[in-house]
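Right, one structure below, let's go through it.
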There are 2 protein chains.
Amino acid sequence: MIVNKLKDLREKKMKQSVKSEDWTQEGLAKRLGVTRQTIISMEKGTYNPSLVLAFKIAHEFRVTIEDIFEYRDDKIES
Amino acid sequence: MIVNKLKDLREKKMKQSVKSEDWTQEGLAKRLGVTRQTIISMEKGTYNPSLVLAFKIAHEFRVTIEDIFEYRDDKIES
DNA sequence: TTTAAATGTAAAGTTTACTTTACGTTAATT
DNA sequence: AATTAACGTAAAGTAAACTTTACATTTAAA
């Protein structure tokens, strides 16, 4: 499974951005070329972005994919 | 668009692996939990892996996603 | 306290990643 | 030269990412 820090990062950006740059779900969605629904579903963890979208997101936040997304093995360890 | 070094990296591994560890398309596919078709299509660039699969691949090669996959902007710059 | 902006939810449709099957080609080994 | 392992192709089906639409809830500001 994949866990992500999308919501936290975006909300942080919203607070920090002095000039009220657009870090709303809608603003981010537009810059990424996806719909707001896509942002919502990713923040909720309902589904994972494609690799292309993951790259775009990382670029928007100016970090690496690994900074936002983390892969966790699901294998049972009894 | 996304370009990847999958084929090069895998072939390099095949040559380097002294003990003939399984770096064939089939061997890699099995360890990744996908089919050989998936490996072929990715090496050809027919389609991009999901983020989950990209993570698994990076883990197999013991590198980061960015070491294997590169995102290139498609926007026209005339 | 009303209005509007931002967020959330749900469901049906499209696109793309990925599977399955089956067969053809190349390269290495005997 | 014949066999086999590895690679390549094609096509139809399934699963998951992503869109579209529409409406409901929360939050902030007038």
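The shown structure was predicted, so the numbers you read here are calculated from the model rather than taken from an experiment. Values below: every heavy atom of this structure, side chains too, minus hydrogens, waters and symmetry copies.
Between B/R10 and D/dA6 there is no side-chain polar atom (N or O) within less than 4.0 angstrom of OP1 or OP2.
Residues B/N4 and B/I57 have side chains not in contact (no heavy-atom distance under 4.5 Å, counting atoms from C-beta outward). For the pair B/D22 and B/K30, the minimum side-chain heavy-atom distance is 4.5 Å or more.
Against DNA chain D, the stretch residues 35-62 of chain A makes heavy-atom approaches under 4.0 Å through A/T35, A/Q37, A/T38, A/Y47, A/N48, A/P49, A/S50, A/L53.
Between the side chain of A/E66 and the backbone N or O of B/I65, at least one donor-acceptor pair lies under 3.5 Å.
For the residue pair A/T38 / A/S41, no side-chain donor-acceptor distance below 3.5 Å is found, with atom types taken as modelled.
The end-to-end axis angle of the helix from C/dT1-D/dA30 to C/dT30-D/dA1, rounded to 10 degrees and based on five pairs per end, is 40°.
Residue B/G27 is classed as having no contact, given no heavy-atom separation below 4.0 Å to the nucleic acid.
Taking atom NZ of A/K7 as the reference point, atom P of D/dT26 lies 13 Å away to the nearest angstrom. Atom CD of A/Q25 is separated from atom P of D/dT27 by 13 Å (rounded to the nearest Å).
In summary, contact between chain B and DNA chain C, defined as any nucleotide atom under 4.0 Å from a heavy atom of the protein, begins and ends at C/dA17 to C/dT21 in the 5' to 3' direction.
Across every non-hydrogen atom of A/L6 and A/I68, the tightest pair is N-CG2, 4.2 Å.
Listed by first then second residue, pairs satisfying ring-ring contact (aromatic ring centres under 6.0 Å, His included) with a partner in residues 45-65 of chain B read B/W23-B/F61, not counting sequence neighbours.
Cluster membership for B/I40 and B/M14, using ILVMFWY side-chain heavy atoms within less than 4.5 angstrom, is not shared.
Scored by the side-chain hydrogen bond (donor to acceptor under 3.5 Å, both in side chains) test, B/E60 finds B/R31 as partners (sequence neighbours excluded). In this view, B/S50 and B/V52, B/L53 satisfy the side chain to side chain contact (heavy atoms under 4.5 Å, CB included) rule, not counting sequence neighbours.
A salt bridge (charged side-chain N to carboxylate O under 4.0 Å, His left out) with A/E43 is found for exactly one of A/K7, A/R36, A/R10, namely A/R10.
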